[in-house]
Amino acid sequence: MELRRGGVGSQAVGRRMDGDSRDGGGGCGGGCKDGGSEDYENLPTSASLSTHMTAGAMAGILEHSVMYPVDSVKTRMQSLNPDPKAQYTSVYGALKKIIRTEGFWRPLRGLNVMVMGAGPAHALYFACYENMKRTLNAVFHHQGNSHLANGIAGSMATLLHDAVMNPAEVVKQRMQMYNSPHRSALSCVWTVWRTEGLGAFYRSYTTQLTMNIPFQSIHFITYEFLQEQVNPHRGYNPQSHIISGGLAGALAAAATTPLDVCKTLLNTQENMALNLANISGRLSGMANAFRMVYQLNGLPGYFKGMQARVIYQMPSTAISWSVYEFFKYFLTKHKLENRTPY
């Protein structure tokens, strides 16, 4: 990343990073500076690829680690034909029941494989998004911010993210299910590979993309729109990142719950549900998953676990954006302070 000459504090080189080239200082004066915005003025106008990747990896790991128990509950609540011992009415009630009957650490089973996937997946995800957003904004809106560009950039980033994350999702969800025979991620990987082949790790990939492309488009468009409202000068403002990220995640999660139910079914290959539907072998394909959900549970089946999904995604995306923006700000500022003078 090319940096402008002069030490920190020597001159303002733009309030925004990452390609939004609108003038953050126009018409603002001294009265609109918030905490951190004074330092933000002295950052370069574009963060480096390594900064985006490092900040993205940290965001992904923390997001999935903190919210993993709720994700475990969501997976179980999306079961089409749950065991009578694994029927839940609320997220809190489910966590209490799982801990009481299966052990304190049970909601965390599979966390290690999720962390291993989330780091590189989110590094590629944010790096691709930031670079495509900057490129497409220049094409669509010249010096402004295009929601269409943000949506397309989010969709393209999803292709890379899901290619890395899908195998981890398969292993994670199989370990989360009630009475799962898998006691470790390695044994789950080996069993799936031996009995179902490599294709099992990508059986739900098209469904994952079908879900995540609209999810991420809604997510990024909403996030960028809310940032324009609550943080128009794009200074480093933790409160605005938390609020925008949380609301964007909640809206996107609610809208794409039916696709998430189908993805969970394809990932887990829920035996009791397959038997009820008289399906022998393995279920594959989004269309088949949609038909089976309707056959077993009707229209309400597409919204199983929506409460848990929204409860999971709202703080999850808030954590992700706040952590990402913090590390992006911190790493860029650190590089600027420690650069070699000309």
Side-chain angles (χ1 to χ4, degrees), residues 14-28 32 34 37 40 45-47 49 52 55-56 59-60 63 121-122 124-162 208-260 309-310 313-325 328-329:
R15 205 182 283 268
R16 269 281 286 155
M17 295 190 297
D18 311 318
D20 187 349
S21 56
R22 293 171 299 170
D23 182 5
C28 179
C32 68
D34 50 46
S37 67
Y40 220 73
T45 56
S46 179
L49 178 65
H52 291 312
E63 168 195 351
H122 279 70
L124 292 172
Y125 170 72
F126 277 107
C128 178
Y129 171 70
E130 294 284 11
N131 282 277
M132 290 306 304
K133 178 182 74 171
R134 182 167 58 248
T135 301
L136 292 173
N137 266 303
V139 172
F140 292 156
H141 228 255
H142 301 292
Q143 304 263 326
N145 183 44
S146 166
H147 296 306
L148 177 61
N150 297 335
I152 295 174
S155 300
M156 297 182 73
T158 300
L159 294 173
L160 291 177
H161 173 274
D162 287 2
Q208 182 97 335
L209 288 177
T210 304
M211 176 187 72
N212 278 346
I213 286 176
F215 176 91
Q216 299 301 352
S217 296
I218 295 169
H219 169 206
F220 281 117
I221 290 171
T222 305
Y223 178 81
E224 298 287 357
F225 172 77
L226 290 173
Q227 281 289 287
E228 288 183 340
Q229 309 309 309
V230 301
N231 186 22
H233 301 290
R234 302 303 182 96
Y236 172 61
N237 186 325
Q239 295 91 336
S240 78
H241 303 315
I242 291 171
I243 293 169
S244 300
L247 291 176
L251 178 62
T256 56
T257 295
L259 294 164
D260 192 45
R309 179 165 163 78
V310 171
Q313 286 292 350
M314 192 169 186
S316 178
T317 47
I319 291 168
S320 180
W321 276 110
S322 59
V323 171
Y324 173 71
E325 297 285 2
K328 186 173 69 175
Y329 164 75

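These values consider heavy atoms only, across backbone and side chains, with no hydrogens, waters or symmetry-generated copies.
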Please evaluate residues Leu247 and Met314 with respect to the criterion side-chain contact (heavy atoms from CB on, under 4.5 Å), reporting the C-alpha separation (whole Å), side-chain torsions for both, the decisive distance (0.1 Å), and the verdict. CA-CA 6 Å; Leu247 291 176; Met314 192 169 186; 3.9 Å; yes

With sequence neighbours left out, what residues match Phe126 under ring-ring contact (aromatic ring centres under 6.0 Å, His included)?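 Testing Phe126 for ring-ring contact (aromatic ring centres under 6.0 Å, His included), a comparison that skips the adjacent residues, returns Trp321, Tyr324.
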
Report the residues that fulfil side chain to side chain contact (heavy atoms under 4.5 Å, CB included) with [X], sequence neighbours left out, ordered by chain and then residue number.
{"X": "Ile221", "answer": "His147"}
{"X": "Ile152", "answer": "Leu136, Phe140, Leu148, Met156"}
{"X": "Leu209", "answer": "Thr158, Leu159, Asp162, Tyr205, Ile213"}

Judged by atom type as modelled, is there a donor-acceptor pair below 3.5 Å linking the side chain of [X] to the main-chain atoms of [Y]?
{"X": "Asn212", "Y": "Phe215", "answer": "no"}
{"X": "Ser322", "Y": "Ile319", "answer": "yes"}
{"X": "Ser320", "Y": "Gly60", "answer": "no"}

Can you give the donor-acceptor pairs under 3.5 Å from side chains of residues 249-258 to other protein atoms, not counting sequence neighbours?
| unit_1 | atom_1 | unit_2 | atom_2 | d |
| --- | --- | --- | --- | --- |
| Thr256 | OG1 | Ala252 | O | 2.8 |
| Thr256 | OG1 | Arg309 | NH2 | 2.6 |
| Thr257 | OG1 | Ala253 | O | 2.9 |

Reported [atom1]-to-[atom2] distance for the pair [X] and [Y], which is rounded to 0.5 angstrom:
{"X": "Glu228", "Y": "Ser244", "atom1": "CD", "atom2": "OG", "value": "10.5 Å"}
{"X": "Ser146", "Y": "Asn137", "atom1": "OG", "atom2": "CG", "value": "5.5 Å"}
{"X": "Cys128", "Y": "Lys133", "atom1": "SG", "atom2": "NZ", "value": "12.5 Å"}

Is it the case that His122 and Glu63 place a side-chain donor and acceptor less than 3.5 Å from each other?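 Judged by distance alone, the side chains do pair up.
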
If you look at every heavy atom in Thr210 and Leu259, which pair is closest and at what distance?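 What the structure gives for the nearest pair is O-CD1, 3.5 Å.
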
Report the C-alpha separation of Gln227 and His241 in whole Å, then their side-chain angles, then the decisive distance to 0.1 Å, and conclude whether the side-chain contact (heavy atoms from CB on, under 4.5 Å) test is met. CA-CA 8 Å; Gln227 281 289 287; His241 303 315; 3.4 Å; yes

Under the side chain to side chain donor-acceptor pair (under 3.5 Å) test, residues paired with Gln208 that sit two or more places apart: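 Side chain to side chain donor-acceptor pair (under 3.5 Å) check on Gln208 returns nothing, list empty.
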
Side chains of Gln216 and Ser155 in contact at under 4.5 Å (non-hydrogen atoms):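 Of all side-chain heavy-atom pairs linking Ser155 with Gln216, none is under 4.5 Å.
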
Is Asn150 close to Tyr129 at the side-chain level, that is, under 4.5 Å between some pair of heavy atoms?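 The answer is yes; the side chains approach within 4.5 Å.
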
Does this structure show an ion pair linking Glu224 with Arg234, if we count only N-O contacts that are shorter than 4.0 Å?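 A salt bridge is present here (some side-chain N lies under 4.0 Å from a carboxylate O).
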
Applying side-chain contact (heavy atoms from CB on, under 4.5 Å) to His161 and Leu124, what does each step give before you reach the verdict? CA-CA 6 Å; His161 173 274; Leu124 292 172; over 6 Å; no

